[in-house]
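FYI, side chains are in, hydrogens and waters are out, and symmetry mates aren't considered; it's all heavy atoms of this structure. So that the names make sense, note that chain A is the first sequence line, chain B the second, and so on, each numbered from 1.
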Protein chains: 2
Amino acid sequence: MNIGEASKASGVSTKMIRYYESIGLIKAPLRTESGYRVYSDNDVHALRFISQARDLGFSVEQMGSLLALWRDRSRASADVKSIALEHIRALDEKARALQAMSKTLRHLADHCHGDDRPDCPIIEGFAAAAAPTPKKRQPRFGVTGITPDRAHAN
Amino acid sequence: MNIGEASKASGVSTKMIRYYESIGLIKAPLRTESGYRVYSDNDVHALRFISQARDLGFSVEQMGSLLALWRDRSRASADVKSIALEHIRALDEKARALQAMSKTLRHLADHCHGDDRPDCPIIEGFAAAAAPTPKKRQPRFGVTGITPDRAHAN
DNA sequence: ATAATCCTTACCACCATTGTAAGGTCAAGG
DNA sequence: CCTTGACCTTACAATGGTGGTAAGGATTAT
């Protein structure tokens, strides 16, 4: 299986497959005479694993630990479990934060008339809410799906 | 107010303030004789607005639209509302996915012996789960709080 | 044989953010 | 008045993931 097929089979772009290899997240596969990477079903498996974990919000770095455990089957499954539990906690926490955001937003939206009067509390809420938060910003979040109408246009 | 004070007052780093200015998200402030940026309370307000929106997961691009609405109070609040609603939807969806993930992980963890036998189903579950998802990857998520033990070490 | 499609590497761009370096400015204290 | 330290200025690099592009070789299909 060459990289294109592996990509299709795993849902990971060829770009990212090579990238993951380059940072040592996956091991360098064998090559054909002519230098083509050759992947096994197992590799695809790993890629799908990665894709999955990525979707779950694991950073590439975090996946390193997970993958290490996966690869080295002799590692104690207790390790896996504890890592997983830690992730679960982080996951839940993130979901909670997300819902809090949603709730805040919804609350504001509920009090926004939705007509053409410019006194929508969403914006006031935004502007007024936060105490100067000197907390270090988390890695960005990007809940996409909003069409900005004039961003960067200045 | 110079940039440092504005930063402290708004919770936005001086770096980012300059960055936001450079991409036109905020307007270039007046300068002193010697070139120092001078900010007003209003500017701090806007910065806090940005900080807030950022925390809620709006991308800088998205904030462009929000900010435009904020600045131009005559714009229909319906615009704001629809943007917010769309964001809420995305937020909820993400939270849902996160919880599904957490649930899966927890389920797997529950069936992981936690001893030193290497047949922990977490990893198998991960690897097996996803159908090849050719969906374009969302901006990353960053469920932080896990210490990778050997990432990148290959 | 040739064309189309794939592969390879090597770059560059993006976003949001932080860091660093080299220099100018300001306020306080000696 | 001069030094010191904290601030400001710009400019440039790096980060993590990801996408794009280009130049050249390999494979496949016609």
Side-chain angles (χ1 to χ4, degrees), chain A residues 1-26 28-39 47 50-51 53-64 133-144 146 148 151-152, chain B residues 1-26 28-39 47 50-64 67 133-144 146 148 151-152:
Chain A
M1 197 172 0
N2 64 22
I3 200 173
E5 293 163 318
S7 169
K8 263 166 217 145
S10 66
V12 179
S13 74
T14 61
K15 276 283 194 199
M16 291 316 293
I17 294 177
R18 296 199 193 95
Y19 171 68
Y20 291 149
E21 178 187 335
S22 82
I23 62 172
L25 188 58
I26 58 180
L30 297 176
R31 305 279 188 129
T32 68
E33 282 292 300
S34 47
Y36 284 23
R37 287 169 180 80
V38 178
Y39 295 93
L47 284 172
I50 289 170
S51 172
R54 218 73 196 84
D55 279 347
L56 290 188
F58 292 81
S59 77
V60 170
E61 207 178 15
Q62 288 162 0
M63 289 188 319
T133 338
K135 70 173 172 293
K136 89 178 51 167
R137 256 189 218 318
Q138 304 276 114
R140 276 303 145 195
F141 205 142
V143 179
T144 41
I146 271 94
H152 289 212
Chain B
M1 196 170 0
N2 65 21
I3 200 173
E5 292 163 319
S7 169
K8 264 169 217 144
S10 68
V12 180
S13 74
T14 62
K15 276 287 193 194
M16 291 315 293
I17 295 178
R18 296 199 192 95
Y19 171 68
Y20 291 148
E21 178 187 336
S22 82
I23 63 173
L25 188 58
I26 59 180
L30 298 175
R31 304 278 189 130
T32 67
E33 284 292 302
S34 48
Y36 284 22
R37 287 169 180 82
V38 177
Y39 295 94
L47 285 171
I50 289 171
S51 172
Q52 191 68 2
R54 223 64 201 87
D55 280 345
L56 289 183
F58 290 81
S59 77
V60 170
E61 207 178 14
Q62 289 162 0
M63 289 188 320
L67 260 184
T133 339
K135 68 172 174 293
K136 86 178 56 167
R137 254 189 219 315
Q138 306 275 116
R140 276 302 143 196
F141 205 144
V143 177
T144 40
I146 270 94
H152 289 214

TODO: May I have the distance from Glu61(B) (atom CD) to dT17(C) (atom P), rounded to whole angstrom?
DONE: 14 Å
Task: Position toward the 5' end of DNA chain D (nearest nucleotide), Ser13(A) or Thr32(A) - done: Ser13(A)
- [ ] Using atom NZ of Lys15(A) as one end and atom P of dC6(C) as the other, report the distance to the nearest whole Å.
- [x] 16 Å
TODO: Look at the side chain of Ser51(B) and the backbone N and O of Leu47(B), then say whether any donor-acceptor pair between them is shorter than 3.5 Å.
DONE: no
Open item on the list: For Ser34(A), give me all partners under side chain to side chain contact (heavy atoms under 4.5 Å, CB included), at least two apart in sequence or on another chain.
Closed with: Thr32(A), Tyr36(A)
TODO: Find the distance Glu21(A):CD to dG16(D):P and express it as a whole number of Å.
DONE: 18 Å
- [ ] Mind checking side chain to side chain contact (heavy atoms under 4.5 Å, CB included) for Glu21(A) and listing every partner two or more places apart, or none if nothing turns up?
- [x] Ile26(A), Ala28(A), Pro29(A), Arg31(A), Arg37(A), Tyr39(A)
Task: Minimum side-chain heavy-atom gap Leu25(A)-Val60(A) below 4.5 Å - done: yes
Task: Atom-to-atom span, CG of Leu30(A) to C1' of dC7(C) - whole angstrom - done: 16 Å
Open item on the list: One character per nucleotide, please: for nucleotides 3-9 of chain D, 5' to 3', B when the base has a protein heavy atom closer than 4.0 Å, S when only the sugar-phosphate does, - otherwise.
Closed with: ----BSB
Open item on the list: Determine whether a donor-acceptor pair (N or O, by modelled atom type, separation under 3.5 Å) exists between the side chain of Ser10(B) and the backbone of Ala6(B).
Closed with: yes
- [ ] Could you check how far CD1 of Ile17(A) sits from P of dG17(D), rounded to whole Å?
- [x] 17 Å
TODO: Evaluate the side-chain proximity of Tyr20(B) to Val12(B): yes if any heavy-atom separation is below 4.5 Å, no if none is.
DONE: yes
Task: Value in whole Å for how far the P atom of dA16(C) lies from OH of Tyr19(B) - done: 5 Å
Open item on the list: Rounding to an integer number of Å, can you tell me how far Met16(B) CE sits from dG19(C) P?
Closed with: 12 Å
